[in-house]
Each structure stands twice: as structure tokens, then as C-alpha cells.
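What follows is a set of notes on a single structure, which appears directly below.
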Amino acid sequence: MTRPSHAHPDARGGAAHHHAPDGAVLPADAPVLGWLDGRPLSRAGLDARLDALRHGPRSSALPEPGSAEDRQLARWVAQVMLTELLCEAEAADRGLDPGTTPPVHLDQRAAVELGSITAAAFEGNAAVRAVYAAVTADVTVPPQEVASYAEAVGDPPTIEEWLLSTPDGDFWAAPGTLPQRLSSALTEAGPGATVTVDDRTVTWLDTRAPTPEGQPHDERLLDAARRVAFVRWLDHARAHRLRLSPGLEHPGDPTQPDNHHRH
């Protein structure tokens, strides 16, 4: 159960204040991102990250300020930050040293299995990756499951992958998973080229050749099992350790007013 946050009156009779996780004192009326283990997290980091996005190279792709889509963007970025802060606290509790490893790029399968929020936090934050490694260290896949999977799908596929750069970031992708027009344009242009298809500009940075036998089934299943285990652990930790500030609910929360679908 999440512990409530605590506001304390100033010893000299001044305004109440909150103690933040890093030991800083927040005024009771300071904007709060959320609460981690009952302690308030300043919203200042979220505002700074959103400001950087709005003044960055991808600003033209962002929604109109003040719109429902803009509020959803703030919620999404808030969830990424809360995931990072939660994992930073967990890494400290476990005595992990995340180091200063640079951002990583997940393949499409991994990003989908983790979900966009967790994938973004994983790619950009070393503490998230350190906690992922610790939480999933003991995950295994029974040999009979590997055998059943192998029998069902046959030999592992041999697939070349391309490292592509877009205004939204870099990622590895197999050509067959891309929109056909984009894949055809890149194939015709060749490695190192930049193409624009349907208002999407993509640069082909690198090629990753497959191993002769592709990724073995046991490795593929283990990777998937580790991602499932981490998502379950993270969902449990979020539910028990985080409390969200009003207006920064999960973008998919059906109870918040901006979560609606138009068809």
C-alpha cells in the first residue's frame, strides 16, 4: 500500500512543506509530479523536459499547446519520468551501480512487448536497464517450451536489419516490417541515403547482418520471458509505490477526460 505524503508546518510557524526523496524541501503548494513511497516528486523536471521537447528539433511534430493531445503528451512524458525515478530508487535500494552507459535502441519486437512508456525509459535511463537486469536475472524458459515452439514455427528466420534515423529517434528494423513504400525507397537509394516518403524522412545509417542460423529459439524466448517478467514487476511496483498527481494520470486511464478515441 502506498504510504501517504507528509506535509509539515514550519517550526517557526511558516508555510507547510514536503520532504522530497532527495532530501530537498518543497513548499506544500509546489507543483508535484507524483509521490514515490509517499514522498513528493517535484514537477519541475517534467516541465523542463516538455519545454526542451517544444523547443527541440521535433517541435513541429508535437501537438498544439493546451490541446487534449498536448495534455496526453504531458501524461506520457510524466509516466516515463516516474518509471525512471522508480527504477533509480530501486537501484539504490538494491545497491546497483547503473553507471553512465549511453542510451540504447530496442528493436521493434522488444519495444512493443515492453510498451512505449517502459521502452522509452529503458532506452534512455541506465538505472531502468540495471533494474531490468537484476529483476530478470533468474528468468528461465523450460526446455519443453523451447522444443514446442521450435516444432510450431520451424527454423529461426535469417533476417537482415537496418538502423534507421528519423526525427523521432533511431531504431533497428527488418525491411519487411517497414511500410512497403518506405522499404522500397530505401532499398533503391541504398545504405547511407536519406529518403522522404509520405512526409516521413528516414536515413539508413547502418546494416546488421544476421547470423547464419538467426537468433536461436531459446534466446528469443528467454528475451521475451524476461520482458514479460519485468513488465509484471514494474506494474506491481507502480501500483504499490507510486501515486499520480491529478492531471498526470496514465494517458490510457479510461477515467481521465482526454482518453477518448475518434474513428
Side-chain angles (χ1 to χ4, degrees), residues 56-58 60-61 76 80 83 98-126 128-133 135-137 139-231 234:
R58 306 169 194 168
S60 61
W76 187 89
V80 174
T83 300
T100 57
T101 56
V104 301
H105 299 291
L106 294 168
D107 61 32
Q108 290 174 315
R109 180 189 297 272
V112 169
E113 289 178 351
L114 287 175
S116 67
I117 289 169
T118 302
F122 183 97
E123 289 184 329
N125 189 283
V128 179
R129 297 192 293 275
V131 172
Y132 173 91
V135 167
T136 65
V139 173
T140 60
V141 178
Q144 59 270 26
E145 290 189 17
V146 177
S148 297
Y149 180 82
E151 182 178 358
V153 303
D155 294 332
T158 300
I159 301 174
E160 178 180 271
E161 291 186 313
W162 299 343
L163 177 59
L164 305 177
S165 179
T166 74
D168 295 322
D170 301 345
F171 61 94
W172 288 97
T177 65
L178 300 172
Q180 185 174 0
R181 282 166 48 82
L182 176 59
S183 179
S184 297
L186 286 167
T187 299
E188 182 176 350
T194 298
V195 302
T196 300
V197 176
D198 298 328
D199 296 325
R200 180 191 294 261
T201 300
V202 179
T203 301
W204 182 354
L205 297 178
D206 196 6
T207 300
R208 182 163 60 190
T211 59
E213 70 279 3
Q215 184 184 25
H217 289 313
D218 55 348
E219 291 182 11
R220 179 176 302 174
L221 292 179
L222 179 59
D223 287 345
R226 294 182 73 189
R227 289 189 285 268
V228 169
F230 183 64
V231 168
L234 192 55

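In this structure, A126 and G99 approach most closely via the heavy-atom pair CB-O, 4.0 Å. A pairwise comparison of heavy atoms in V139 and A229 identifies CG2-CB, 3.7 Å as the closest pair. The two residues T201 and P167 come nearest to each other via the heavy atoms O-CD, 3.4 Å. The two residues A120 and V80 have their closest heavy-atom pair at CB-CG2, 4.0 Å. Closest non-hydrogen pair, R181 versus D198, comes out as NH2-OD1, 3.2 Å. The nearest pair of heavy atoms linking P103 to G124 is CB-CA, 4.5 Å.
The distance from atom OG1 of T177 to atom CG of D107, rounded to the nearest 0.5 Å, is 9.5 Å. For the atom pair OG of S165 and CG of D206, the computed distance is 12.0 Å after rounding to the nearest 0.5 Å. N125 contributes atom CG, which lies 15.5 Å from atom OH of Y132 (distance to the nearest 0.5 angstrom). Distance check, rounded to the nearest 0.5 Å: CG of L164 to CG of L205 gives 7.5 Å. Rounded to the nearest 0.5 Å, atoms CG (L178) and CG (L186) are 7.0 Å apart. Put simply, CG on L222 and CZ on R226 are 6.0 Å apart, with the number rounded to the nearest 0.5 Å.
Shown here are the side-chain contact (heavy atoms from CB on, under 4.5 Å) partners of T166, two or more places apart in sequence or in another chain: D168, F171, V202.
Considering only heavy atoms from C-beta on, V128 comes within 4.5 Å of F230 through its side chain. Here the side chains of R129 and V104 are in contact, with some heavy-atom distance below 4.5 Å. Residues V195 and L182 have side chains in contact (heavy-atom distance under 4.5 Å, counting atoms from C-beta outward). With a 4.5 Å cut-off on side-chain heavy atoms, V141 and D218 do not count as touching.
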Trace of the side chain to side chain contact (heavy atoms under 4.5 Å, CB included) decision for L163 with T207: CA-CA 6 Å; L163 177 59; T207 300; over 6 Å; no

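For the pair R227 (side chain) and E113 (backbone), a donor-acceptor distance under 3.5 Å is absent. Between the W172 side chain and the A174 main chain, no donor and acceptor come within less than 3.5 Å of each other.
Within 6.0 Å of CD in E151 there are 12 or fewer heavy atoms belonging to other residues, nucleotides or ligands.
Remark: R208 fails to qualify as a cation-pi partner of W162 under the 6.0 Å distance and 45° angle criteria applied to the six-membered ring.
W204 and T194 share no donor-acceptor pair across their side chains, judged by distance under 3.5 Å alone.
Listed by first and then second residue, the salt bridge (charged side-chain N to carboxylate O under 4.0 Å, His left out) pairs involving residues 117-126 amount to none (not counting sequence neighbours).
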